[in-house]
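Notes follow the structure.
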Amino acid sequence: MSIFLTEQKNGELIGKWFAYKHTGYNLLLIKANKKQGYVEINYFFEKDGNIDTIDIEVPEHSILPSITIAYLEGAQMQKEIADCYPIRFDLHKEDNVEKKDFHAAVEWGPFHPLLPEPVLFRFTISDEIIDQINVETGYNYRGVERLCIGKKVSEALEMLERLSSVNGFSIGLAFLHAVEKINNVNVPERANFLRLIFNELSFLKANLYSLSHLTKCLGLLSDYSDLIGLIKLYNEAVAYATEEPQLKDILVLGGVKEDVSNEAIFQLNVIIQEMVQGLSDIRRTWESTHSIVNRLSSLGKVDSKTARVSTGRLARAAGVYENIRRLSKLPYSKLSYEVSCKEESNCFTRTMLIFEDCLLSLSLIDQAIDMLPHGDVRASININRNGYTVVREKEAYGELVIYLSLESGVVTDIKIRNSSSLKFPFLSQCLRGIQINDIPVIISSFELDFSAMEK
Amino acid sequence: MSFADLLNKIRTRSISVFVIQAGGCRGCVDALSMALSEQNTIKGITLTGNPKHADCLLISGCINEKSKEEIMQIYEKIPSPKAVVAAGACACSGSLFRRQGNQLYIVEDVLPVTSWIRGCTPDGTEMLETIVRAMENVKNKQAKGERDKN
Amino acid sequence: MFEVIIWFFAIILIVPVEYIVENYFKTMMRGQGRSYILQPIYRIIKLFEKKDGTINYFACFFSIGAFVFSLIALYMTVAGFNFLFVVSVLSMMELFIIIGAYSANTFSGKICAQRAVSRFVVLLFTSMVAATTIYKTTGALNLGVLSGYSKSNGVFISLVFTFISLFVILLIKGNIGYFNFGISGDELSVLDAALFTPYSGWSLALVQMTHWIEIGIWIKILSIFLPLNEWVSFLVIMILYLLFLLWDGFVAKVNWKQSAKYSWIWAGGVSLLNFISLYVLR
């Protein structure tokens, strides 16, 4: 049985969404909670650092209006809620391309060598040009958010760090920042710098993987070899600081688990800075190779309207300035850096930004190591405060948002929204009208992290 | 060395692996691809995107209700003899994510597993060794089966 | 006859060596999987023992058919038959593979069959124009006769564009560089291997061998143009082809329609240029 909300209630909700939209608020997060017979939904909006919410409670099996009429970027977050809670959303026609409409569909995935993670695409095509698309997700869903509830911070951290091999460190870090914010914990300066270095290392690794995936999609074996060489260099360097190249089990509440000696960290820096030359060489080759420039420039164009509500390189490549590092609790303000933007968001500009971001991470690591203070790496703390908070952090592919509620050191509610949730709804738009050949390149340039998105 | 032994040896020198990344962090698959591109003693393993051309199915991550069906379909398409390798803690035991009744499966629940590679994240070279051993096991079992039949 | 038999078996044995050498060089590249020197051969042996759960009779029929036609075409090439006869048998072989891919009734099979057809049209057109040009120049189409001509009359010079266009056909057949009709150039892509999608086990092994033989046939045909000893010419073309196989790893792949355009220009167009230069400019 489905319950439709009254027209008035629907109208009120939609009116509020549009009011936020017209006053320049961005959609930050949508979360839900099940209460007795009711589902509570919270919409978080943000403008210039101010966060505002709309909270509604609806009976189970209700059909709600879809936020995509005002904020298309909310589609995936909304879908997650519909998959987990007994409510549905009244999708407007454009979103509502159902499986049954695809009579003679082409299926691609969910397990496909050119898709880094499982996702199923159904296309209708005419002359190999994509006409309609239906994307089916959920093959990676593990229910991590639900599993974290009732767990101690350390147990939840262990799970969150294992959400994604590329962004796991950033997710763990954002989670700890949320816990530390609720409990007013001051992390020692050295620990903060070490966290920053590891965070940038995780971005570097993620970006190198993105590039290697793109080279595979382009069939460039020689550049792929070079990038694998750089990834090996990364692993070699990181081995000086930790035994775990995926940077798991480094973070603890109030700091980092173990200090890294200055000698080790200098050694790491010496090795990792060797990448600058390699990356610059590959970038130069790509910039001067017509076939690469032509192919990538003609694909994955994103208009500035879409880019404004997106995040990461999808936004920055279209001239939307985004500096999420400045929101971080890490001491980025002490370092000098500039975030690059491009004019037109297409696969080529986004790829060039990956190179620039790698070089930026290398520069930030170098600066942070130069300024690395002495002292403790772990504060002794007691977490017994109750409360909730929303934390925004940078992950390799854009903005990461975590909502956390704690009671006596136990997680009572958590919601994670990574950059992929925000970018994913625009993928269909970008794929429509392109040739089936170009799907892998476009998906690669979107840099989606399904592990962290589907949790 | 008999002719049959020689043939068996040759057969394990060309192994096509179909990799399935189920719900997990992707660390195992990254470790495998890094190991494949490194200079190590294990040779002859390639990745394939076509189950009909595969010899070994390597699964990492927790399997949920939705991926279970797809994984079984892929397994059916692989011609015999075929090996199934469960890679990483999630695929072998469900790691931190599997709880009573949360509808997450380990590979053993879904398919007959030939070899397991435990650890989070398992070592890449160890993964390659396990793949070769899994194929050897499959061959030996097949040979034994044929002998028993005769 | 003895020489024909030697050539026949030599080509069957030598072409895999080309792929073994390619495999060896690619293995040396950083980031590529380590493999044994004889990996391509091990793969074939392995495939012969694999069994599908359900036997796809279509796949068996088409793979055997294609293999038999490739052997016939090879015999005709080494025995010096008419060039057009060889092309017609090769066309039969190609059609068997295309129909086999189409019969799989999968999306990738169909798409790839479609691409193979467009590749096939380029091949037919180029071969037709090349045959006319060769006939106009030499008055013969028998490969045996042509071989003698090129050594004594320096035919190669006046057929240089025809030679280039037929070499491009070889590159198209090898899915190399800008002449790759696959999905996006990644070896893992299902669509790249889609022509082989319905085949598995021994039928895949046969199709793989068919492909090698076909490459061998084109190398042999091209070697006829060189004014050198037959074995030396064959070796020269093989080395040239190997260089292109290795070059393949250094170029970004273009989409298949672009490949089709390049193929038409470099195979069809260039062979036409030779034809025009003979008929019009003289």
Side-chain angles (χ1 to χ4, degrees), chain A residues 83 107 109-120 136-144 146-148 151 155-168 171 205-206 208-209 212-213 216 224-225 227-229 231-232 234-235 244-249 449-452 454-455, chain B residues 16-31 33-39 46-51 53-54 57-71 73-75 77 88-90 94-99 101-105 119-124:
Chain A
D83 286 346
E107 292 203 344
F111 302 107
H112 189 280
L114 285 182
L115 295 174
E117 290 183 77
V119 55
L120 174 61
E136 208 176 289
T137 54
Y139 296 94
N140 252 348
Y141 185 69
R142 282 155 288 169
V144 178
R146 186 69 66 88
L147 288 170
C148 282
K151 291 277 182 298
E155 291 169 334
L157 175 67
E158 217 177 339
M159 266 192 265
L160 295 175
E161 282 187 327
R162 281 161 179 79
L163 267 188
S164 157
S165 66
V166 284
N167 285 314
I171 296 169
K205 185 190 162 198
L208 288 175
Y209 271 107
S212 70
H213 201 252
K216 262 178 128 183
Y224 180 70
S225 298
L227 283 163
I228 289 291
I231 294 173
K232 277 182 193 155
Y234 164 88
N235 287 339
E244 179 54 76
Q246 286 186 15
L247 309 175
K248 286 185 291 217
D249 304 324
D449 181 3
F450 283 95
S451 301
E454 297 188 335
K455 301 177 280 289
Chain B
S16 300
V17 183
F18 188 97
V19 176
I20 287 184
Q21 156 68 58
C25 71
R26 211 169 92 192
C28 303
V29 178
D30 287 347
S33 30
M34 277 311 290
L36 276 174
S37 48
E38 273 166 13
Q39 293 278 0
T46 48
L47 301 183
T48 177
N50 190 339
H53 301 176
L57 180 62
L58 184 134
I59 307 174
S60 72
C62 296
I63 300 168
N64 64 17
E65 220 31 86
K66 198 165 182 174
S67 50
K68 185 180 164 190
E69 213 171 289
E70 298 280 344
I71 288 171
Q73 274 178 24
I74 287 169
Y75 177 75
K77 283 182 191 164
C90 299
S95 187
L96 303 165
F97 308 115
R98 194 168 178 237
R99 298 277 184 280
N102 74 344
Q103 290 188 316
L104 285 184
Y105 304 95
C120 178
T121 314
D123 177 58

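Every chain is numbered from 1, with letters handed out A, B, ... down the list of sequences. As the structure is a computational prediction, the values presented were derived from the model and not from experiment.
Only the side chain of A:N235 comes within contact range of chain B, judged by heavy atoms closer than 4.5 Å. A:E158 touches chain B through backbone and side chain together, each having a heavy atom under 4.5 Å away. For A:K151, the part sitting under 4.5 Å from any heavy atom of chain B is the side chain, from C-beta outward, and nothing else. Interface remark: B:I74 contributes side-chain atoms only to the contact with chain A (heavy atom separation under 4.5 Å). Proximity to chain A involves both the backbone and the side chain of B:L96, based on heavy atoms less than 4.5 angstrom apart.
Between the side chains of A:K205 and A:S165, no donor-acceptor pair is found at a separation under 3.5 Å.
For the residue pair A:I171 and A:A452, the shortest heavy atom distance occurs at CD1-CB, 3.7 Å. Closest of all the heavy-atom pairs between B:F18 and B:T48 is CD1-O, 3.6 Å.
Enclosure of atom CD in B:E69 is not indicated, since only 12 or fewer non-hydrogen atoms of other residues, nucleotides or ligands lie within 6.0 angstrom.
Residue with the most contacts toward chain A among B:A31, B:G61, B:G24: B:G24 (heavy-atom pairs, distance under 4.5 Å). When each of B:C120, B:C25, B:S67 is checked for heavy-atom pairs under 4.5 Å with chain A, B:C25 comes out on top.
Applying the ring-ring contact (aromatic ring centres under 6.0 Å, His included) test to A:F450 and every residue at least two apart in sequence or in another chain returns A:F424. Residues passing the side-chain contact (heavy atoms from CB on, under 4.5 Å) test with A:K455, sequence neighbours excluded: A:E80, A:V144, A:E145, A:L163, A:I416.
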